[in-house]
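Here the structure comes first, spelled out in structure tokens, and everything after it is commentary.
Since the model is a prediction, treat every value here as computed from it, not as a measurement.
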Amino acid sequence: MKSNTRFILFLGILFFCIKSNAQNQLHNYVDPMIGSEGDGRVFIGPSCPYGMVKPSPDCTVRPNSGWLPFPTEVTGFSQVHVSGTGGGPKYGNIQIMPFSGSLDKLDQAAFREDEQVKLGYYETVFKGNQIKTEITTAEKVSFYRITYPKNATKELKIDPGFFLGEQPEPDGRESQQFVGSQIEIVSDTEVRGYSRIRGGWNNGRAYTVYFWATFDQPIAKYVTWKDGKFYTNESAQFDSGKKTAALLSFGKGGKQELNVKIGISFLSELKAKNNIQVEIPHWNFNTVLLALENKWEQLLSRIKLSPDTSDAYKKMFYTGLYHTMLMPVNRTGENPLWTNNEPYYDDFYCIWDTFRTSSPLITLIDSKRQVEIVNSLLNIYKREGYLPEGRSGNDNGRTQGGSNAETVIADAFVKNLKGIDYELALKAMLKDAEVPPGGNEEKEGRAGLVDYLRLGYVPFGTNRAGNCTIDYAYNDYNIATVAKGLNHIEIYDRYIKQSENWKNLWRADYENNGIKGFIMPKDAFGKWLDDVVFGESKIQKQTYKYTPTITESPWYVCHWCVFFYEGTSWEYSLSVPHDLPEVVRKSGGDLAFQKRLDMFFDKKLYDVSNEPSFLAPTMYHWIGKPYLSSDRIRGIIKENFNTSRAGLPGNDDSGAMSSWLAFHMMGLYPNAGQPYYLLNTPLIKETTLQLEDGKSFKITTKNLSDKNKYIKSALLNGKSYNQAWILHEDIAKGGELILEMDSKPSAWGTTILPPTK
């Protein structure tokens, strides 16, 4: 009796430990719905880290990520999506939709009754037909478990003609356009085909998504569909430039659960089939889900938070890491343009957004992955002639400002990432900086490059002239950084000088809101422009007054043709990350610069939702007042970030917004392309980074609370540390940074300012 009692007690303890361990797994703190509503636009379905396949519901053809909240109908579930993007949609290819009924209607849209979402898993039940759809995924294969009501017939639509972003007018800018599709019922358990689409966000060339679908029950009957007509005796509809689809019935007999595996490939249907055979050779849904959870757990556990961290902070932090690792997408072995063994990544959407925080965070979490990503950029350069600034659907496109792959390369270089050919990288950077793209300025390279090299700035009249000038100056600094490290002194001398070109648009006497000195428009003759021309008329030259507070171009001006893209002069006049001491000096010194920053935030001229302002809250560091940076950061996070579905203040932009948050919660912030992180008051009491070589780095706070929010003193590996920034190499060595907190600001970090060029 006693032994039985002990055995039962043992089983109870074992069950408790297993349950407790499962609850403590970090992936359970990821909430894919954070940022799904409002402007966040995040992808809510299951995905592997950097996964090529991203299955989830499509609610009409409009949303970028496919998903919209209730009560919008679900059109179906497609296999390829992006996350957090602005601009026009991309993908939404190879849609399926379960239904119950006759095979005579292509539109099977249905309202959701319920929806459950967690990392790696999506589930919904439809109101009218009570069909439950569950989804998980591997790298290149979607897995659906569809449960039909008892006694209902089991039907499924497969629609390779569907895609996101379709518009009635032909060749609409940033809309996707149909090129072709094909479908074939290969056997009673297999269907194959493809979707060929062009355009979208990057206005790119046509891309083709091939699929192979397999079922665990035989097809009882089917019809195929093409260009509005159903065909009962034809198992295939070939590509003739018309949309195609198929409706399948699995009958009423047998089990009510239908399992569907959909392999995806950018090479061929047979490669899509092979992806199924390699990745999911079985029919166990839960095994696929567990493998996906384990992949994420390994990555998320590289940063561990103190056990007493609130659930809200854990959710915000680990969801931030998760969002950062959804894109770019690993398509190694799936490149239809050329064949080699080098890494191939796509969906850089776009580097103008991600270079600031996403790339540096991946370097910390997954440095080997970042090496692959950089080598993929170089692989694209070798084959297509330019580094991408934006890329999607195997095509470069949407150069929003600078050639910011240079910053990504420089960031890898100064952080000593191994396995990258930096001599080749320098050649790629120089190609951007010296060879005009010849009419492809929106696709790649640098717009206005000839004028930039001749005048030292991009004059008004070239699209996005203001931020191009500022971005190019920083990209030139990135080139100088790599050139100096590789001992190319002549290149360094030239580009360190060009990195000062931002000064050529600094109008020292211009005053706004009591602050002097702004980046302002200048024409090719060196004349400052108070009034700028709008419209494209050759006869009438209408003008409007340009001021530093214009947040968007007037409705009558092309959004893409403005002086500052997605920002104001107030924002961009601070966006000089390599030369902030000079910005301080030009602003009138420390006190005047503090007044400028205070005005910027207090007057709501700062835009938390967009990347040009990302560095701004930390800029008090450059006047020796890091505690003011910490105050601003904590206030911004409290006001704009939370665990709700609207918990991100702007487009997540492939994890850019989420990685900004994750960095600041740790008390670190990168100045991308430079070898240090700024130190601020963490939101987390203790953070431990597990580095890839087995070392760890811990950030520990003592006496941190809402009241004790200022750093009084610091110790790095037991030694006094009196600077509000830390080198990447000091983190990479491993060790511990201890921050002693107090209720009032101290002299800590006020004398040794961040490094300068």
Could you tell me whether Arg464 and Asp471 have a side-chain N and a carboxylate O separated by less than 4.0 Å? no
Any donor-acceptor pair under 3.5 Å from Thr462 side chain to Ala465 backbone: no
Ionic contact status for Glu297 with Lys304, cut-off 4.0 Å: no
Can you name the residues that form a ring-ring contact (aromatic ring centres under 6.0 Å, His included) with Tyr144, not counting sequence neighbours? none
For Tyr495 and Ser499, run side-chain contact (heavy atoms from CB on, under 4.5 Å): C-alpha distance rounded to whole Å, both residues' side-chain angles, the deciding distance at 0.1 Å, then the answer. CA-CA 6 Å; Tyr495 281 91; Ser499 73; over 6 Å; no
Salt bridge (Lys or Arg N to Asp or Glu O under 4.0 Å) pairs, two or more places apart, involving residues 355-375: Arg302-Asp366, Asp366-Arg369
Donor-acceptor under 3.5 Å (Gln79 side chain, Phe77 main chain): yes
Pairs where residues 379-419 contributes a residue and the test ring-ring contact (aromatic ring centres under 6.0 Å, His included) is met, not counting sequence neighbours: Phe413-Tyr422
Tyr677 and His728: side-chain donor and acceptor closer than 3.5 Å? yes
Is Asn651 reaching over with its side chain to a backbone N or O of Val42, donor-acceptor style, under 3.5 angstrom? no
Do Asn202 and Arg398 have a side chain donor and acceptor closer than 3.5 Å? no
In Å and rounded to the nearest 0.5 Å, what is the CG to CE distance from Leu361 to Met666? 5.5 Å
Looking at Arg391 and Glu384, does any basic side-chain N land under 4.0 Å from a carboxylate oxygen? yes
Do the charged groups of Asp421 and Lys427 touch, with an N to O distance under 4.0 Å? no
Within 45 degrees of the ring normal and closer than 6.0 Å to the centroid, is that where the cationic atom of Arg196 sits relative to Phe178? no
Any idea how Phe266 and Tyr91 line up, ring-wise: parallel (<30°), tilted (30 to 60°), or perpendicular (>60°)? perpendicular
Using a 6.0 Å cut-off, check whether atom CD of Glu490 has over 12 heavy atoms from anything other than its own residue. no
Which pairs pass side-chain hydrogen bond (donor to acceptor under 3.5 Å, both in side chains) with one or both residues in residues 318-329, sequence neighbours excluded? His323-Ser658
Per the salt bridge (Lys or Arg N to Asp or Glu O under 4.0 Å) rule, what does the pair list look like for residues 399-412, sequence neighbours excluded? Glu406-Arg446, Asp411-Lys415
Counting only N and O atoms by type, is there a donor-acceptor contact under 3.5 Å from the side chain of Asp347 to the main-chain atoms of Tyr349? no
Donor-acceptor side-chain pairing of Trp560 and Glu442 below 3.5 angstrom: yes
Going by atom types alone, do Gln177 and Ser175 pair a side-chain donor with an acceptor below 3.5 Å? yes
Please work out which of the three classes, parallel, tilted or perpendicular, describes the rings of Trp660 and His664, given edges at 30° and 60°. perpendicular
Heavy-atom neighbours of Asn341 CG exceed 12 at 6.0 Å: no
Testing the 3.5 Å rule here: is there a donor-acceptor pair between the side chains of Asp476 and Tyr452? yes
Can you tell me which residue pairs pass the salt bridge (Lys or Arg N to Asp or Glu O under 4.0 Å) test with a partner in residues 431-441, sequence neighbours excluded? Glu434-Arg494
Donor + acceptor pair across side chains of Asp239, Tyr194 (<3.5 Å): yes
Could you tell me whether Glu342 and Lys382 have a side-chain N and a carboxylate O separated by less than 4.0 Å? yes
Using only atom types and a distance under 3.5 Å, with no angle test, would you say the side chain of Asn379 pairs donor to acceptor with the backbone of Pro343? yes
